[in-house]
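Down below is the structure, laid out as structure tokens.
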Amino acid sequence: MSALDLFAIGNAIIDQEFQVSDTFLTEQNLQKGTMQLTDGDTQAQLYSNLRDTQLYKGQASGGSAANTTVAFAALGGRAFYGCRVGQGESGQFYLDGLNDVGIRTAEQSICDGVTGTCMVLITPDTERTMHTYLGTTADLSVNEIDYTALTQAKWLYIEGYLSTSDSARQAVLKAREVAKQHQIQVAVSLSDPAMVQYARTGLEEMLAEGVDLLFCNEQEALMFTGKDSIDEAVTQLLVQNKTVVITLGAKGALVATHAEKIYVEGRKVNAVDTNGAGDAFAGAFLYAIKKGFDLEQAAELAILISSEVVAQFGPRLSIDKYAKLLKTMEMDLA
Ligand code: 26A
């Protein structure tokens, strides 16, 4: 039996969350709903403006694939996170956030440089705008990945966000090679419309001949395929990928394979912050698959967990909440 259910590779980023006004975004030349990459000095200036004028909601470990892995582990899965953090307090805070949920990390994850930081700005319409300084995670490479641990996993999960970094892409390509040799299933998330727009070649390289499970949202699916409708986009994505899962925000999700297309409705919640909803969705979906749920049930669990993420601040739920929600669903199924 595999000792690990999931080996994920992704950026290590600490989120600083603020509730901001629309005017603030305009003043700072930030485009709502986007993720923008920046340098350390520019981010420090923005942080100082934020602290002076906007409402600080706190610090949380983020990083898209890490949020996914946390949901997966908190639901009961055995997981490993391959990442790169800086030495010192921030890096330790970041790894502790993973290890506390039982996620294993490699010693070689701690490197020179500073841990990545993301300013997550939440406007009153619950939309999130991100301003990311990658720091040392930009240099994530084959050296930080424990490929021996990977051989013990059933699934490899890769975030599309890695597509901008040459060294991270090399790490991903090697991981895919190992996955192929060991019959490990592969899941990839397209991560962000900005990646589809600006790092398409890198994404295509990471997707290679297709994957077992592809996660994306509506906008990413349309942009990536160049199609006008979700139906056409799905057909195109299924040419190379076995299962495609498209999140549709409040409308729910669509799961498609060559054999079937399943729409699962969203749940009505009092939304306050959409940050990390897609990440939690992927983690819960993967966990449900591992647990033997069918695709529809997997989407239902994923929607249940991600709708709770939307109803609170920050990309992760308190740890005991994931398993409680799973129990509720299992009781409904019984
Ligand atoms: C390469 N970039 C820009 C990123 C990210 C990122 N995760 C990986 N790579 N920029 C922001 N995030 C994370 O996305 C989560 C929400 O989906 C943030 O840390 C946030 O927790």
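None of these values were measured; they are calculated from a predicted model. What's counted below: heavy atoms across the whole structure, side chains too, no hydrogens, waters or symmetry copies. Remember, it's 1-based here, ligands and their atoms both numbered in the order they're listed.
- Under the ring-ring contact (aromatic ring centres under 6.0 Å, His included) criterion, the residue pairs touching residues 193-235 are F215-F285, with sequence neighbours excluded.
- The residue among L162, N275, T132 with a heavy atom at the shortest distance from atom 10 (N) of ligand 1 is T132.
- Of the N and O atoms on the side chains of T243 and N241, not one donor lies less than 3.5 Å from an acceptor on the other residue.
- Remark: ligand 1 atoms within the under-4.0 Å shell around heavy atoms of L37 are 3 (C).
- Close approach of ligand 1 to M35 (heavy-atom distance below 4.0 Å) involves ligand atoms 3 (C), 10 (N).
- Atoms of ligand 1 found under 4.0 Å from any heavy atom of L134 (numbered from 1 in listed order, with element): 1 (C), 2 (N).
- Here the protein heavy atom with the shortest distance to atom 9 (N) of ligand 1 is N11 ND2, 3.0 Å.
- In this structure, I122 CD1 and R128 CZ are separated by 8.0 Å, a value rounded to the nearest 0.5 Å.
- Sorted by first then second residue, the ring-ring contact (aromatic ring centres under 6.0 Å, His included) pairs that include residues 110-160, not counting sequence neighbours, number zero.
- Among the atoms of V120, none of the N or O lies under 3.5 angstrom from an N or O of ligand 1.
- A donor-acceptor pair under 3.5 Å is formed between the side chain of S163 and the backbone N or O of G160.
- A salt bridge links K180 with E209: the closest approach of a Lys/Arg side-chain nitrogen to an acidic carboxylate oxygen falls below 4.0 angstrom.
- Regarding atom 18 (C) of ligand 1, its nearest protein heavy-atom neighbour is D15 OD1, 3.3 Å.
- Ranking protein heavy atoms by distance to atom 7 (N) of ligand 1, first place goes to S64 N, 3.1 Å.
- Residue contacts with ligand 1, taken as heavy atom pairs separated by less than 4.0 Å, involve N67 solely via side-chain atoms from C-beta onward.
- In this structure, G276 counts as a contact residue of ligand 1, since one of its heavy atoms falls inside 4.0 Å of the ligand.
- Counting the atoms of ligand 1 from 1 in the order shown, those under 4.0 Å from a heavy atom of D279 are 15 (C), 16 (C), 17 (O).
- Short contacts between ligand 1 and E159, defined as distances under 4.0 Å to a heavy atom of the residue, involve ligand atoms 8 (C), 9 (N).
- The closest protein non-hydrogen atom to atom 8 (C) of ligand 1 is Y161 CD1, 3.2 Å.
- With hydrogens and angles left out, the side-chain atoms of Q16 and Q59 include a donor and acceptor closer than 3.5 Å.
- Shown in contact with C118 at under 4.0 Å from a heavy atom are these atoms of ligand 1, numbered in order with element: 11 (C).
- In this structure, the side chain of Q43 does not engage the main chain of G40 through any donor-acceptor pair within 3.5 Å.
- For D15 (side chain) and E17 (main-chain N/O), no donor-acceptor pair under 3.5 Å exists by modelled atom type.
- For ligand 1 and I13, the ligand atoms under 4.0 Å from any heavy atom of the residue are 4 (C), 5 (C), 6 (C), 7 (N), 8 (C), 9 (N), 19 (O).
- Donor-acceptor pairing under 3.5 Å is lacking for the side chains of Q170 and D166.
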